[in-house]
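The structure under discussion appears below in the form of C-alpha cells.
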2 protein chains.
Amino acid sequence: MGVTGHMPPQDASRGRSASIWDVARVAGVSQQTVSRVINGKARVSEATRAKVLQVIAELGYRPNRLAQTLAGGPVRSVTVLTSDTALYGAAATLRGMEEAARTAGFSVGISVLQPDSQQTDIALRLNRPGEPVMVIAYDDAGVRALRALPPDVPVAAAVERRADEGDAADGGPWQVWLDDRAAAAHATRYLLGLGHRTVHYVAIPSSTSPSPQRTQGWRDALRAADRPVPEPSHGGWTPRSGYLAVRSLLADRSVTAILCGNDDLALGVMRAAREAGRDIPGDLSVVGFDDAPPSAYLNPSLTTVRLDFEGLGRACFGLLHRRLEPQTAPPVPAWSEPELIVRESSGPAPA
Amino acid sequence: MGVTGHMPPQDASRGRSASIWDVARVAGVSQQTVSRVINGKARVSEATRAKVLQVIAELGYRPNRLAQTLAGGPVRSVTVLTSDTALYGAAATLRGMEEAARTAGFSVGISVLQPDSQQTDIALRLNRPGEPVMVIAYDDAGVRALRALPPDVPVAAAVERRADEGDAADGGPWQVWLDDRAAAAHATRYLLGLGHRTVHYVAIPSSTSPSPQRTQGWRDALRAADRPVPEPSHGGWTPRSGYLAVRSLLADRSVTAILCGNDDLALGVMRAAREAGRDIPGDLSVVGFDDAPPSAYLNPSLTTVRLDFEGLGRACFGLLHRRLEPQTAPPVPAWSEPELIVRESSGPAPA
DNA sequence: GAGAGGCATGTTATCGGTAACTCTTCTCTC
DNA sequence: GAGAGAAGAGTTACCGATAACATGCCTCTC
C-alpha cells in the first residue's frame, strides 16, 4: 500500500532528523495530511489522525519552527530588546515577558542593547523582517531602540512614561508602564508626614529628560506641601553612583530624608551615611524604589516602593499578543500598582 | 534591459518587505548573485557588487535569517536554557553568553526552565531540530535539561562540576566550570587562619548531590586542618532561606564563622545574626560566595568569593562556537579564577 | 588558431513547512 | 435516480534563502 503521489525530494533516512515527509511516508498519507494533524485542523478522519500521531511519536518528529514560520504559519516568536539585564527592574520585566510568552507558545529571543548602539543595527537583530518585538525602555538606549524600529514591526514596550498621545513613533498605544510619578509623590508625602522638613532626591538616569517621572512626583509632593525643593542629585544605576552622589550632601545635618531612584542607589546612600556618622533612621531616613529582593534583608532593611515589574512584563506580552492575534489572544493581565513598603530605614525626623 | 531569466514567483511591491528577488530585479541581476554579494563570496565583479549593495541600501533590504538557516546557510542562532534568571550567577552567565554570541553574529533565544519541567518538553523549545544550545546547569533543573537534550543537538554548558569522564550524556568535553571546590577551601582556610576553631557552612541546593563542590571544598579544608566538621545547614537560594537556616545555629556562641553558598544566603545569615544580638565581625565572621554587586555596599560589607560568571558565559559560547565551526571560530577566551575578596564581615575569632 | 581553464552569472533543486485548489467518494434532498 | 454538498485526502504553488551545476565569454598556452 505505497504512496503513489508526490514523493519527498529527499532520500530520507539520512542523518538528519525526521521531517514531515518522513512521517507522511511511514503513515502512508500525504505530507499535507500530516500538516493538518499537526495543526489540529478539521477534515481528517479519526483513524488517519490516530495513525499519524502514532507515527509522529514513533519517529520523535518535531515540527521545524523556522519552516513553519517561513511558510506563513502563525507567528510564534518574539524578540525582546533590553539594555542592561544587570538591573533589577529590567531583569524582572524580562522574566515576566519570557514566562508569559513561553506559556502562550512563543519562543523568545533576547538581544541586549549597548549604550552606544546605533539605530541602524536594530533591524539586524531580528530573525526576519516583521518579527514582533518587545522593548524594555526604561533608559535612553531602550527608548532610542524603540524609536529606531522600522514601522512595519509589531512592537509592544514597557516604558517609564507613556508616549505623548499621537506620537506614533513611540509605539502609540502599545505600551505599558507603572505610575512612578504617583508612587514617588506618595513616598515623599510619607516622609513629610514623619516630620521631615523636606526630602532630598537622588535621581536615576532618565529616559525622558528633562522631566523624569519619579523626579516629577517627588517635586509634585514637595510643592503641594509648600516645602523647599532641593536640587536633585544625579546618580547612575549602581550603589557606587549613589554613594558618590550624596557624599558631600551628607555633611549638611539639615538633610534628614533622602528618596532614591532605586534600591541600589539607596544602598550606596546608606553606606555613605554610615561613613559620615549618620544613624539610619535616627538621623536620616532613606527610601528606595523597586523593592529588589535583597532590600528586605539589608541593615537596616530598606523602606522602598514595590514595583510589579514581572506583572508589567506579562502585561506587555499580553498586549503584543492581542496586537498579533486580536481574535484569539486572552485579555491583557492586570499588574499591581506601586506600593510603599515601610521597613527600618525610615523614621521620624530628628528632634 | 529586463531580466529574462526565472522571475520571482511573487507579485513583488506588495505590502511585505523586500526579499532577495526584489533586490535582484531592481539591480538587474539574478537572485543568486545577490546571495553571493550578501555572503561576501568571490566571483562577483566589483561593478555588480557595488550595484547590488546600492540597491540593498535603497530598498532597506535585510536578509531573512529564518530562510537563510532553512536553506542550509551557516548556523547563526543559539538557544540558552537556564532555570532562574533572578539568581545573580545565572543572570551574569547569561549576560556573558549573550554578549559573546551577539558579537559573533549569533542571535540568541532564551528559554527559562521550570523546576518541575519534564524532560520531554525540552526539544519543543528549540526552533528547529539540531539548533545549538547552551545550558546554564548550576542547579538540578539545568542538569536535568542537559541530560534530556536529544543527542543530535550541539550543546555547550556552564556547570557546577565537570561531568565524570566518559559520561557523554552530560555533554562530554563541551563544558566550562569554575573551581568552586578550591575556592570554598580557600575561603575556609582564610577563616581558620583568623583563629576560628571551625567553620560552619550554609549550603545552596546542589546540582550534584550528594557531593556539591562548595561543600566538598569546605570539608576538604577542615579535614586538612584537622578541625571538627559540623553538619552543613541546608539553605535555598534566597536571603530568607539563609535567615531561616541559621536561626537556631546562632544561639550557640561557639559558632564564630559561617561560610555561605552564595551572597544572598549570607545576607539572610547576617540579618539573623543581628537579631540574635551577634556582632559582625566581632562575634561572628560571615563569608559569602559570588560577589554579587550589592555585596560591597552591605552593612557590614561582605567578604566573599568573586566568581567570573560573565567570563564563564563568554567562554561557554566560545566553546560552542568552536564546536560548530572548528575551522573559523576564534580561540575560547579565558576566564578568571575565583578570588577571595576580604571586606568587613570577617575578622579574628573572638577571644 | 583551437582547446583549456577561469571568471562572472544564470538555472534548477532543495530546506520543511503552510495555503489554496483539486479530486474522489459518499450522503442527502427532491 | 440525479445533482448538490461536504468530507477526506492529494497536488501544486510559494515562503526566502543557499548549494550545486550549467552557461557564456575571455584570456592563455602551445
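Lettering of chains follows the sequences in order, A, B, ..., and the numbering in each one begins at 1.
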Summary of ring-ring contact (aromatic ring centres under 6.0 Å, His included) pairs that have at least one residue in residues 135-158 of chain A, sequence neighbours excluded: A:Tyr138-A:Phe309
Extract all donor-acceptor atom pairs below 3.5 Å that involve side chains of residues 49-61 of chain A and protein atoms in other chains or at least two apart in sequence.
from    : atom 1 : to      : atom 2 : distance (Å)
A:Arg49 : NH2    : A:Lys41 : O      : 3.1
A:Gln54 : NE2    : A:Glu58 : OE2    : 2.8

Gap between atoms CZ and C1', on B:Arg76 and D:dA17 respectively (whole Å): 16 Å
Whole-Å gap separating C1' (D:dA17) and CZ (B:Arg25): 15 Å
A:Thr33: side-chain hydrogen bond (donor to acceptor under 3.5 Å, both in side chains) partners, not counting sequence neighbours: A:Ser30
Nucleotide C:dT11, atom P - distance to CD1 of B:Ile20 in whole Å: 15 Å
Validation row: A:Arg128, A:Ser77 side chains within 4.5 angstrom (heavy atoms): yes
Please produce a list of atom pairs where a protein N or O lies less than 3.5 Å from an N or O of nucleotides 6-9 of chain D.
from  : atom 1 : to      : atom 2 : distance (Å)
D:dA7 : OP2    : A:Arg43 : NE     : 3.3
D:dA7 : OP2    : A:Arg43 : NH2    : 2.6
D:dA9 : OP1    : A:Ser45 : OG     : 3.2
D:dA9 : OP1    : A:Thr48 : OG1    : 2.4
D:dA9 : OP2    : A:Ser45 : N      : 2.9
D:dA9 : OP2    : A:Ser45 : OG     : 3.4
D:dA9 : OP2    : A:Thr48 : OG1    : 3.3

Atom-pair distance (CD1 on A:Ile38; P on C:dA19), nearest Å: 12 Å
A:Gln31 CD - D:dT11 C1' separation (whole Å): 10 Å
Ring pair (Phe, Tyr, Trp, His ring centres under 6.0 Å) against B:Phe106, all qualifying residues, sequence neighbours excluded: B:Phe317, B:His321
Sub-4.5 Å side-chain heavy-atom contact between B:Arg323 and B:Val155: yes
Five-pair end axes of the helix from C:dG1-D:dC30 to C:dC30-D:dG1 and the angle they enclose, rounded to 10°: 50°
By side-chain hydrogen bond (donor to acceptor under 3.5 Å, both in side chains) - contacts of A:Thr79 (at least two apart): A:Glu131
Residues forming a salt bridge (Lys or Arg N to Asp or Glu O under 4.0 Å) with A:Arg95, sequence neighbours excluded: A:Glu310
Phosphate OP1/OP2 of D:dA19: any B:Lys41 side-chain N/O under 4.0 Å: yes
Contacts of A:Pro150 that satisfy side chain to side chain contact (heavy atoms under 4.5 Å, CB included) - sequence neighbours left out: A:Ala123, A:Asp152, A:Val153
Interatomic distance, A:Gln32 CD vs C:dA19 P [rounded to whole Å]: 8 Å
Test side-chain hydrogen bond (donor to acceptor under 3.5 Å, both in side chains) applied to B:Thr85 - qualifying residues, sequence neighbours left out: none
Inter- and intrachain pairs under salt bridge (Lys or Arg N to Asp or Glu O under 4.0 Å), touching residues 101-114 of chain A, at least two apart: A:Glu98-A:Arg102
Residues in contact with DNA chain C, drawn from residues 64-72 of chain B - heavy-atom cutoff 4.0 Å: B:Leu70, B:Ala71
For atom CG of A:Asn39 and atom P of C:dG16, their distance in whole Å: 17 Å
